[in-house]
Amino acid sequence: QSMLEAAIESSVCKGFVNFQLGDKFSVWENDTGLPFYSKSADPTPYDDDLNPKPAFFAQLRAFTSR
């Protein structure tokens, strides 16, 4: 969260993209050739059923607390 807040406060960042939508679709859980591959990586703001996880709410707070 603090990294996103710093980017917002800097006024340099013009956009923010969550690269992958849900954990089960993440390359980190599906591409065994990646160095940090793990079937249980869970690297996205949404779980396997696309329900928001705590990271989603942290991002939301960062954007709405300005």
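Residue numbers count from 1 along this sequence. Because only heavy atoms are used, hydrogens play no part in the values below, and waters and symmetry mates are left out as well, while side chains stay in.
Pairs engaging residues 39-55 under the salt bridge (Lys or Arg N to Asp or Glu O under 4.0 Å) rule: Asp23-Lys53 [sequence neighbours left out]. Sequence neighbours left out, the pairs with a member in residues 17-55 that pass ring-ring contact (aromatic ring centres under 6.0 Å, His included) are Tyr46-Phe56.
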Kindly indicate, with the supporting measurements, whether the criterion side-chain contact (heavy atoms from CB on, under 4.5 Å) is fulfilled by Thr44 and Leu21.
CA-CA 7 Å; Thr44 74; Leu21 189 56; over 6 Å; no
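Separating the CD1 atom in Ile8 from the OG atom in Ser65 is a distance of 7.0 Å, to the nearest 0.5 Å.
Listed by chain and residue number, Ser38 satisfy the side chain to side chain donor-acceptor pair (under 3.5 Å) test with Ser40 (two or more places apart in sequence, or in another chain). Lys24 pairs by the salt bridge (charged side-chain N to carboxylate O under 4.0 Å, His left out) definition with nothing, not counting sequence neighbours. Contacts of Gln20 classified as side chain to side chain donor-acceptor pair (under 3.5 Å), with partners at least two apart in sequence or in another chain: Ser26.
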Donor-acceptor contacts, no H, no angles, side chain residues 11-18, under 3.5 Å, sequence neighbours left out:
residue, atom, partner, partner atom, Å
Lys14, NZ, Ser11, O, 3.2
Asn18, OD1, Gln59, NE2, 3.2
Asn18, ND2, Gln59, OE1, 3.1

